[in-house]
Amino acid sequence: MPVLSRRSILELTSLGFGRVVLSHLLSDSRAAASSNAPVPVYNNLRAREGHFPGRARAVIQLIQNGGPSQMDLFDPKPMLAKMAGKPHPDGVEIHQPGNENTLMPTPFEFRKYGRCGMDISEALPQQAEIVDKLCFIRSMHTEHNNHLEGLNMLLTCKIFPGRPVMGAWISYALGTENQNLPAYVVLRDPKGYTIGAKQLWANGYLPALYQGVEFNMSGSPVHHLEPPEPLPPGVQRGNLDYLARLNRMHSDSRPRETELESRIENFELAARMQVEAMDVLDISNEPASVRKLYAVDDPVRGAYGMRCLMARRLVEAGVRFVQVTTRPGQPWDQHNNLKKSLTRIATETDQGTAALVRDLEERGLLDSTIVMWAGEFGRLPTTQNADGRDHNRNAFTLWFAGGGFKAGLIYGETDDLGYKSVVDRVSVPDMIATVLHQLGLDHRKTQYPHGGRMETPSDVTVTGARVIGDLVSNDLNAA
């Protein structure tokens, strides 16, 4: 029986409509390719230039999984106190049972801090002291109320899995400055994964080389980095050279197999990492003042503080993108017992977060490093389960520091009850486009061919994403 090609099957079935659709897709992609300059496709970590000079060269992304409550941390609403116990006049988008549509004031005290006069809750005393170094966006909004879909949206501009996260795109476009370390490193709690697990640092359809690499906080920084038994000098190098020859022979007969190319690159990277990765994790040369700054010896604050310190050391060593997560699950998710639960996660993360910004500035790294603090969505102004808040996709607050983001800026507004962003609204694709801009990347020109079209980090043809020029203090080709 003759073997049919995929094109033949499309031609012979469904009255040939499959072949018609395929021809249309191919003609569109060929037309796009002929009308534009060729788009380079990378499969290495060599440092690359952006589309224009960028203010930043690295990103540290602090993921606050769970949905931090904007009106209990950064966006106080006096009207909630005045209308406490009354229903929201227009109703709210209820996500889970137990939401009574009864307005609930914040149980936290607020004060204004810094020259910018930013309102910060008592839950975040350390971040309150650095507000003049931060750029607050109070008018964020997103597309989904579920945690995993919200995290996917925050990192990829789509609620479903399969697209590359922001760190993968940036690593792909710019490579890294240190060839002995990955371009994209993930620092998670060793006790377990946050919701979404490895999906939060996935490469999607980009070559596997650009996915996040998990670093352990003690011992060998990467699983299986060291051989189980010590080898005589030269043996491992010989093994790697022989393996490289076999892989290259295999690769030559299978061109454009990015998984294989990435595997070869990763073998070589692992060999180079054996020395440098251990050095990055070794904080014995850090002075006592730095250990105290990050509270690394504190039983409550120390675990997150250590990850923030590691993030600084990795960026200092030339890593392009570092992602830091909180403890497992979604600890900012306060459906009940709001004050106690929120205070706990705020206490765990506040000091390390503020220490990172201070330390980067002290070392002259803040101007060239973007620090991003963000959760996947915000919370409702109404009561759930008597003393909690449900998810809210219509409004949340995040902040940036460094990398040319305007220090001491408070951007955007929510309505009087904190339910919706209403002034200078910023979408997630807008946010990602602006981060890329600060790195010297035009989000429209950062492209990868997939599925018959050119994909972009902001999915610009669908989202209409734009750079928010008011957030940044430079004039680098904002568009």
Side-chain angles (χ1 to χ4, degrees), residues 55-64 68 73-74 111-137 185 187 217 280-326 345-375 397-410 435 438 471-473:
R55 278 289 300 272
R57 66 172 184 80
V59 178
I60 298 175
Q61 190 179 60
L62 306 177
I63 299 297
Q64 308 304 308
L73 296 171
F74 305 115
R111 285 180 50 198
K112 291 186 180 295
Y113 290 87
R115 294 185 303 277
C116 66
M118 177 65 185
D119 298 281
I120 298 289
S121 158
E122 63 182 313
L124 299 173
Q126 296 295 322
Q127 290 176 57
E129 295 181 3
I130 61 167
V131 291
D132 287 329
K133 307 179 195 301
L134 308 181
C135 176
F136 293 91
I137 306 176
V185 173
L187 302 173
M217 299 309 298
V280 170
L281 281 183
D282 181 9
I283 67 167
S284 61
N285 61 341
E286 293 284 356
S289 59
V290 170
R291 296 180 66 94
K292 182 178 179 181
L293 178 68
Y294 286 92
V296 297
D297 300 312
D298 184 278
V300 175
R301 301 169 175 85
Y304 190 82
M306 175 65 85
R307 296 200 289 282
C308 289
L309 174 55
M310 287 298 105
R312 186 271 285 169
R313 290 176 65 87
L314 286 163
V315 164
E316 199 170 30
V319 172
R320 182 72 68 188
F321 196 99
V322 183
Q323 184 173 326
V324 180
T325 62
T326 63
I345 183 59
T347 301
E348 290 173 6
T349 59
D350 186 38
Q351 182 154 347
T353 299
L356 174 62
V357 174
R358 290 187 176 108
D359 198 16
L360 288 169
E361 184 178 48
E362 176 69 23
R363 293 168 182 272
L365 295 170
L366 189 58
D367 285 346
S368 60
T369 304
I370 298 170
V371 181
M372 172 185 171
W373 188 103
T397 298
L398 59 75
W399 59 253
F400 290 98
F405 280 89
K406 289 182 180 177
L409 178 67
I410 307 166
V435 171
Q438 293 308 99
L471 297 175
V472 297
S473 58

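By convention here, the first residue in the shown sequence is residue 1.
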Rounded distance (nearest 0.5 Å) linking atom [atom1] of [X] with atom [atom2] of [Y]:
X: Leu73; Y: Phe136; atom1: CG; atom2: CZ; answer: 10.5 Å
X: Leu309; Y: Tyr294; atom1: CG; atom2: OH; answer: 5.5 Å
X: Ser284; Y: Arg291; atom1: OG; atom2: CZ; answer: 9.0 Å

Taking all heavy atoms of [X] and all of [Y], pick out the closest pair and write down the distance.
X: Ala58; Y: Val319; result: CB-O, 3.8 Å
X: Pro68; Y: Gly375; result: CD-CA, 3.7 Å
X: Lys133; Y: Ala401; result: O-CB, 3.7 Å
X: Ala123; Y: Ala346; result: O-CB, 3.4 Å

Residues 349-357, side-chain donor-acceptor partners within the protein, below 3.5 Å, at least two apart:
residue: Thr349; atom: OG1; partner: Ile345; partner atom: O; Å: 2.9
residue: Asp350; atom: OD1; partner: Gln127; partner atom: N; Å: 3.1
residue: Asp350; atom: OD1; partner: Gln127; partner atom: NE2; Å: 3.1
residue: Asp350; atom: OD2; partner: Gln126; partner atom: N; Å: 2.7
residue: Gln351; atom: NE2; partner: Lys292; partner atom: O; Å: 3.3
residue: Gln351; atom: NE2; partner: Leu293; partner atom: O; Å: 3.2
residue: Thr353; atom: OG1; partner: Thr349; partner atom: O; Å: 2.7

Check: [Y] and [X] side chains under 4.5 Å, non-hydrogen atoms:
X: Leu281; Y: Arg313; value: no
X: Met118; Y: Leu134; value: no
X: Trp373; Y: Gln64; value: yes
X: Leu360; Y: Ile60; value: yes
X: Val131; Y: Trp399; value: no
X: Phe74; Y: Ile410; value: no

Tell me, please, which residues at least two apart from [X] pass side chain to side chain contact (heavy atoms under 4.5 Å, CB included).
X: Pro299; answer: none
X: Ala303; answer: Arg307
X: Ala374; answer: Leu154, Met372, Leu398
X: Asp119; answer: Pro76, Phe110, Lys112, Arg138

Only counting residues at least two apart or in another chain, list the ones meeting salt bridge (Lys or Arg N to Asp or Glu O under 4.0 Å) with Arg312.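 Only Glu286, Glu316, Asp359 meet the salt bridge (Lys or Arg N to Asp or Glu O under 4.0 Å) criterion with Arg312.
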
For Glu348, enumerate each residue passing the salt bridge (Lys or Arg N to Asp or Glu O under 4.0 Å) test, keeping only those at least two apart in sequence or located in another chain.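 Once residues adjacent in sequence are excluded, the partners of Glu348 under the salt bridge (Lys or Arg N to Asp or Glu O under 4.0 Å) criterion are Arg327, Arg344.
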
Hey, is CD on Glu129 packed in by over 12 heavy atoms from elsewhere, all under 6.0 Å?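 Atom CD in Glu129 is crowded, with more than 12 foreign heavy atoms closer than 6.0 Å.
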
Counting heavy atoms not belonging to Arg363, are there more than 12 under 6.0 Å from its CZ?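 Yes, CZ of Arg363 has more than 12 neighbouring heavy atoms, counting only those of other groups under 6.0 Å.
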
Could you tell me which residues satisfy side chain to side chain donor-acceptor pair (under 3.5 Å) with [X], sequence neighbours excluded, listed by chain and number?
X: Asp132; result: none
X: Arg301; result: none
X: Lys406; result: none

Only counting residues at least two apart or in another chain, list the ones meeting ring pair (Phe, Tyr, Trp, His ring centres under 6.0 Å) with Phe405.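 For Phe405 the ring pair (Phe, Tyr, Trp, His ring centres under 6.0 Å) partners, ignoring immediate neighbours, are Phe400.
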
Please enumerate all residues that pass ring pair (Phe, Tyr, Trp, His ring centres under 6.0 Å) together with Tyr304, with sequence neighbours excluded.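 Checked Tyr304 against ring pair (Phe, Tyr, Trp, His ring centres under 6.0 Å); zero matches.
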
Do side-chain atoms of Arg57 reach the backbone of Val315 as a donor and acceptor pair under 3.5 angstrom?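 Yes; judged by distance alone, with no hydrogens or angles, the pair exists.
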
CA sep, side-chain torsions, deciding dist, call: Leu187, Leu314, side chain to side chain contact (heavy atoms under 4.5 Å, CB included): CA-CA 10 Å; Leu187 302 173; Leu314 286 163; 4.1 Å; yes

